[in-house]
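Please read all numbers here as calculations on a predicted model, not as lab measurements.
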Amino acid sequence: MPGVMRLFKRPPAQHDPGEALRRTVSGVTMLPDEDLRDASRARLRRIVAEAVLLQDNAAELLAEIRDRRPLAMLAPRGGPMATRFFELRRELPPPADLDMARQCAIVSVVLDHHGTLIVTALQMLSMDWRSDAIVEQLERLDGLGAPAIRLDAIYDELRP
C-alpha cells in the first residue's frame, strides 16, 4: 500500500546454529557418574537393610496389638517405629538408573505401608472398646503381609 509508513520493522532473521540440533533431539538425559551411582545404591541398600530389621520388630508389635496388650506399653514402641519407617522413606536417594527407580518406588510404598499400618493398628487398639468391628479388625492383624515379602525381595536384589 503506497503511502503507508511502517513504524515497526521486523528484525532480520538471525541464523541460530542450535536450531537444527533442537529440532532433531527429542530429549537429553544426564547420567550421574559412577561414584554417585555407587553412593546412591549404597544408601538405598542401607535403608532397605534397616527397614528389614525394623519390619521384624513391627511384626512382633502387631502381634501384641492383635492380642490387645495395654496401649500404654505398646505406644512408646510403636510410635517411634512408625516414625522411623516414614523417615526412611524420606531418606530414599534419587535413583541412578531405571532399575534403581523401580526399587526405590517399591521401597517407598512398602515403607509407607508399614508406618501407616502401625499407626492405624495403635489407633484401633485405643478404640477397641467402642466397636465389635474394630475388635474384629484387630484380631485379623497378621504381620505385615505381602509388602514385607516385597521388601525382602528388594533386599536380596541389593546384596553385593
Trainee: Using the test side-chain contact (heavy atoms from CB on, under 4.5 Å), find all partners of I149 that sit at least two apart in sequence or belong to another chain.
Mentor: none

Trainee: Answer yes or no: is there a side-chain heavy-atom contact under 4.5 Å between R45 and R159?
Mentor: no

Trainee: According to side-chain hydrogen bond (donor to acceptor under 3.5 Å, both in side chains), does anything in residues 114-126 pair up with another residue at least two apart or in another chain? List the pairs.
Mentor: Q55-H114

Trainee: Just wondering, more than 12 heavy atoms not from D156 lying within 6.0 Å of its CG?
Mentor: yes

Trainee: Would you indicate whether Y155, at its atom OH, is surrounded by more than 12 heavy atoms from other residues, nucleotides or ligands within a distance under 6.0 Å?
Mentor: no

Trainee: Could you pull out all residues at least two apart from D112 that satisfy salt bridge (charged side-chain N to carboxylate O under 4.0 Å, His left out)?
Mentor: R89

Trainee: I'd like to know if R41 and D38 make a salt bridge, using a cut-off of under 4.0 Å between side-chain N and carboxylate O.
Mentor: no

Trainee: What's the shortest heavy-atom distance between A59 and L144, and which atoms?
Mentor: N-CD1, 4.4 Å

Trainee: Is there a path of hydrophobic side-chain contacts, each under 4.5 Å between heavy atoms of I/L/V/M/F/W/Y residues, joining L53 to I47?
Mentor: no

Trainee: Is there a donor-acceptor contact under 3.5 Å from the side chain of D67 to the main chain of R69?
Mentor: no

Trainee: Of the non-hydrogen atoms in M124 and I134, which two are nearest, and what is the gap between them?
Mentor: O-CG2, 3.3 Å

Trainee: List the atom of L111, the atom of A51, and the distance in Å for their closest heavy-atom pair.
Mentor: CD2-CB, 3.6 Å

Trainee: Applying the 4.5 Å side-chain criterion to the ILVMFWY set and letting contacts propagate, would V135 and L74 be lumped into a single cluster?
Mentor: no

Trainee: Can you check whether E64 reaches L125 side chain to side chain, under 4.5 Å on heavy atoms?
Mentor: no

Trainee: Any link between L98 and L158 through a network of hydrophobic side chains (Ile, Leu, Val, Met, Phe, Trp, Tyr) touching at under 4.5 Å?
Mentor: no

Trainee: Mind checking what makes side-chain contact (heavy atoms from CB on, under 4.5 Å) contact with R150, not counting sequence neighbours?
Mentor: I106, V110

Trainee: Pick out which of Q103, R37, M100 makes a side chain to side chain contact (heavy atoms under 4.5 Å, CB included) with P95.
Mentor: M100

Trainee: Nearest 0.5 angstrom please: Q137 CD to S131 OG, how far?
Mentor: 9.0 Å

Trainee: Looking at L92 and C104, what are the two nearest heavy atoms and their distance?
Mentor: CD1-O, 3.8 Å

Trainee: Which residues pass the side-chain contact (heavy atoms from CB on, under 4.5 Å) test with R66, sequence neighbours left out?
Mentor: A63, L141, D142

Trainee: State, to 0.1 Å, how close I118 and A58 come at their nearest heavy-atom pair, and which atoms those are.
Mentor: CD1-CB, 3.8 Å

Trainee: Who pairs with E50 by side-chain contact (heavy atoms from CB on, under 4.5 Å), at least two apart in sequence or on another chain?
Mentor: R46, L54, R84, L88

Trainee: Spell out, yes or no, whether V109 and V119 are grouped together once hydrophobic residues are joined by side-chain heavy atoms under 4.5 Å, including indirect joins.
Mentor: no

Trainee: In the single-linkage hydrophobic clustering (I, L, V, M, F, W, Y; side-chain heavy atoms under 4.5 Å), do F86 and V48 co-cluster?
Mentor: no

Trainee: Which heavy-atom pair separates P94 from S40 by the least distance, and what is that distance?
Mentor: O-OG, 3.5 Å

Trainee: Does a salt bridge link R43 with E91, judged by any charged N lying under 4.0 Å from a carboxylate O?
Mentor: no

